[in-house]
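Chain naming here is simple, since letters A, B, ... match the order of the sequence lines and numbering starts at 1 in each.
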2 protein chains.
Amino acid sequence: MTQLVISYQLLSSDPQGLADAIRVEQSIEFPNELAEDWIQKDVVGQIVNMGATVNGITHVEIAYNPDNTGYELPQLLNVLWGNVSILPGVRITAVDFPESILSKFRGPRFGVEGLRKMFDAPTRPLASTALKPMGSSSKQYAQMAYEIARAGFDTIKDDHSLSNQPWSLWRERVELISEAVRKANAETGGKCVYAPSLNLPSDQIALAALEAKALGAGALLILPGISGFDVMRSLAEDDQIGLPIMGHPALLGSFVTSREQGISHGVLFGQLMRIAGADIGIFPNFGGRFSFSKSECTEIAEAARSELSHLKPIWLSPAGGMTLDRISEMVDFYGRDTASLIGGALHRGDLYENSLAMVQKMKSLA
Amino acid sequence: MTQLVISYQLLSSDPQGLADAIRVEQSIEFPNELAEDWIQKDVVGQIVNMGATVNGITHVEIAYNPDNTGYELPQLLNVLWGNVSILPGVRITAVDFPESILSKFRGPRFGVEGLRKMFDAPTRPLASTALKPMGSSSKQYAQMAYEIARAGFDTIKDDHSLSNQPWSLWRERVELISEAVRKANAETGGKCVYAPSLNLPSDQIALAALEAKALGAGALLILPGISGFDVMRSLAEDDQIGLPIMGHPALLGSFVTSREQGISHGVLFGQLMRIAGADIGIFPNFGGRFSFSKSECTEIAEAARSELSHLKPIWLSPAGGMTLDRISEMVDFYGRDTASLIGGALHRGDLYENSLAMVQKMKSLA
C-alpha cells in the first residue's frame, strides 16, 4: 500500500455526495472541476471502496497521495481531520499509514521493551500514579512521591492539572519531587522515575523539558490535546532530552465520545499517540469515572501494539478512578504490558502501605 | 466577578451527580472527602447555580478559583475542557473570565481598528482569499497572488493545507508570493498582505514566523486546533514578529458539532480565538459547505466583539464555499467588520476580473 487510506463511517442520506465532498475537502479544498486534470487524479483523494448503506450508515475508504501530508505531523493531522471535523456525521474508523509516512517518524524511543529494561521489569506490569490533589504544596507532593517511590513504584507523574498554580510552582515542584524520588531510590536501590507535566506555555516547553531532565526528572508528561501532537513528537525525537514520554488524554475526549463524529479510539489513542512518540499512552479505562467501553479499550490496546512499521509498541496506561482491587482484572484484560495508573485511591488510608500493596500486586502478576 | 465561572449544559438523569463530578474532575481530580478542608472549599469548583431539568437538559454554573489556571493558557484550557471532554453529555455554553485571568493576556495586537488603519479601510469590509488548489507550484500561487493583490484585495492567505508538499515547499512559496504581492502593491499603491500558513513542525514555527516576516509576509495563518492555541498566543504576543494573526478552524469542529457535547461556538471561535490573539477569526459560514447555523454564527460574532476586558474586538471571517453573490448578505448579517473569505469561487472565469468585482463590492459596502 503506497497511499494513505482513511476509512470513514458516514451517517448520511447521500453517502456518495458526502464521500465526494470529503475527498476534495481534505485535499485541494477547491472546486474539483476547476483543478488541472493531474491534480484531480493525483492530489484529490480517491474513493477506493464504498460499502452498502445499512441503517443510514455507510463505510467508505478514501486513498490520499501521501505527498499531501508533506510528511510532517501537523499536515498529516490536517489531512486526517482538519476541515472534515466540521462536517457532522463523519467518523474515522481506521487509517492505513503507508511506509513513506511512517518512515519519517521515530515514534516511541523506549516503547514496551525499552521501559522493561529501564525498570528492570522483564515481565510484570508497571505501577504508576499521579500526585494529587491540586492545592498541595511542592513539599507535600515531594513527601508523597518519597513514600510512593520508597514502596517501589515505577512511575510517578504530576497530576495533569499541575502547572504553575501559586501553591506549587513548576520549577520548585520539579526540583523537590525529583530530589525526593532520588532519595527513595538511593535507599531502596529502586528505579522509580518522576514525570513532571509539561502543560506549560508553548514557548517554554522545550527548555522546561531540558530543565526537568537536569533537575532529575526521569520521564515527561505531555498533554497533546492542548500542547499539540507535534510538540510531543519533537520532544520524543530530541536526543538531548531522551526521556520516556507519557501522553495524557486531556481535551481529546471530544474527538471520540460521539458515535457519529470524530476519530476512532484506536486511531487516536493508539496510532497517533504512537506516531507522536508516546511510550506510555494514558486513557480512561472502562468502568471508571469515564465512558469508554470494553470494545473501545480493546481497540486502543490493539492499535498500541499491532505492527506499525518500525514504530515500537507502547505501554497502555488505563486510568480514571481505578482502584487496587481492579488491578488483576486490568492485567487480565490488557495483558502484562500495562502501566496501571492508580491515583486518588492510594490515599485512602496509609499512602506507603497502599503503594506497597500495589507494587506487590504487580510483582505477583509477573 | 472574581471567579472563573463556567456554564455547562448537562444531558443527564443525575445532573447533581454529574455537576459534582465535573467540579472535582476539573480541579483536584481526587476523592473530594480525602482533600484538606480548605482545598475542598477554595480549590474545588463550586456549583453557584443549577437550573431545573427540562427535557433531560440541566444548566449549571460552576465557579473555579482562577489560581487553578496558573494564569497560563494551556492550563486554562485544561480547566475549561481537559478531562471533562471525556464525559459524554457535557457542553460548555458560556464562560465568564475574571479580570485576573484576562489581564494576563495581550489578546489581538491589531483587532478591528488596527487592521482598519493597516488597510486604510475606515469603514468597509475586507476582501480576503486563500491560494488554492494544492498541487499548484509556488510560481503558480505567486501568479495568482499577483492578480488578486493587483485587484486590491486586503489579505491573501495560503490555503490552510499548504505546508511542505513537494509541489510547493514552504520557504520557496513564501518568498515568491511575498515578492508577487510586493510587486502588485508597488504598482497599485495597495496595501495587500500575504499570510503564509504556519502549519509546520512545532519546533520550526517560531523561527518560520520570523523568516516569513523577513521575506515580506504581512500576516500569519495559524491552525490552533493542530498547533495548539498557546502557539497562536505566543506568536501574537511576540513583539519581534508583530504581525496580524489569522486563526483557522481546522480540527476544531469536533468541539462544536455535537449539540450534546463540547464547547459552544461563541466560546471557542469568539472568546478563545481572541484570548489567544487572533486578529481575524475564520469560521465556516452558515449555508456554505459546512453545518453552522445562523444562530451559532451570531454567537461567534457576539463573542468576537462584545466587551472582554482590554482585549480588542476581532474581525469575523466567515468562509467555506462562499461566493460573490453572498457578500451583501454576509455584510448585512455580520456588519462591516467582516473579512469575507472567498476562495475557489474567484477562479470561476477570470481571476483578476473576479477579484476586482469582489473589491468593488467591498468598497460599495463601506
Is there a side-chain contact between [X] and [Y] (heavy atoms, below 4.5 Å)?
X	Y	result
Leu34(A)	Arg348(B)	yes
Phe30(B)	Leu131(A)	no
Phe283(A)	Ile86(B)	no

Per-residue contact mode, [X] against chain A (heavy atom under 4.5 angstrom):
X	result
Gln26(B)	neither
Tyr71(B)	neither
Gln165(B)	both
Ser85(B)	both
His160(B)	both
Glu237(B)	neither
Trp170(B)	neither

Looking at [X] and [Y], what are the two nearest heavy atoms and their distance?
X	Y	value
Asp203(A)	Ser234(B)	OD2-CB, 3.6 Å
Phe290(A)	Asn83(B)	CE2-O, 3.5 Å
Phe255(A)	Leu251(B)	CE2-O, 3.4 Å

| query | Can you list every pair that meets salt bridge (charged side-chain N to carboxylate O under 4.0 Å, His left out) and has a residue in residues 250-265 of chain A, with sequence neighbours left out? | reply |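 For residues 250-265 of chain A: Arg259(A)-Glu296(A).
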| query | With chain B, which of Trp81(A), Trp167(A), Phe229(A) has the greatest number of heavy-atom pairs at distances under 4.5 Å? | reply |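 The residue among Trp81(A), Trp167(A), Phe229(A) with the greatest pair count is Trp167(A).
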Pick whichever of [options] has the most heavy-atom pairs under 4.5 Å with chain A.
options	answer
Gly253(B), Gly228(B), Ser254(B)	Ser254(B)
Pro133(B), Gly70(B), Gly262(B)	Pro133(B)
Ile226(B), Leu80(B), Leu73(B)	Ile226(B)
Ala130(B), Ser291(B), Ser258(B)	Ser291(B)
Asn199(B), Thr257(B), Leu223(B)	Asn199(B)
Ser227(B), Ser136(B), Gly344(B), Ala35(B)	Gly344(B)

Per-residue contact mode, [X] against chain B (heavy atom under 4.5 angstrom):
X	value
Arg233(A)	side chain
Thr69(A)	backbone
Gln40(A)	neither
Ile39(A)	side chain
Leu200(A)	both
Asn65(A)	side chain
Pro201(A)	both

| query | Could you go step by step and tell me if Glu36(B) and Gln140(A) meet the side chain to side chain donor-acceptor pair (under 3.5 Å) rule? | reply | CA-CA 12 Å; Glu36(B) 295 173 34; Gln140(A) 287 176 307; 3.1 Å; yes
| request: Look at atom CG of Asp239(A) and say whether more than 12 heavy atoms of other residues, nucleotides or ligands are closer to it than 6.0 Å. | output: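 Atom CG in Asp239(A) is crowded, with more than 12 foreign heavy atoms closer than 6.0 Å.
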| query | Just wondering, are more than 12 heavy atoms of other shown residues or ligands nearer than 6.0 Å to CD in Glu33(A)? | reply |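 Check passes, neighbour count above 12.
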| field | Under the side chain to side chain contact (heavy atoms under 4.5 Å, CB included) test, residues paired with Ser161(A) that sit two or more places apart | value |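 Counting only residues at least two positions away or on another chain, Ser161(A) forms a side chain to side chain contact (heavy atoms under 4.5 Å, CB included) with Met134(A), Asp159(A), Gln75(B), Asn78(B).
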| task | Hey, could you give me the CG/CG distance between Leu162(A) and Asn68(B), rounded to the nearest 0.5 Å? | result |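 Reported to 0.5 Å precision, the distance equals 10.5 Å.
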| message | Test your reading of the model: is there a side-chain donor-acceptor pair from Asp230(B) to the backbone of Ser202(A), 3.5 Å cut-off? | response |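 Side chain of Asp230(B) to backbone of Ser202(A), a donor-acceptor pair under 3.5 Å: yes, one is there.
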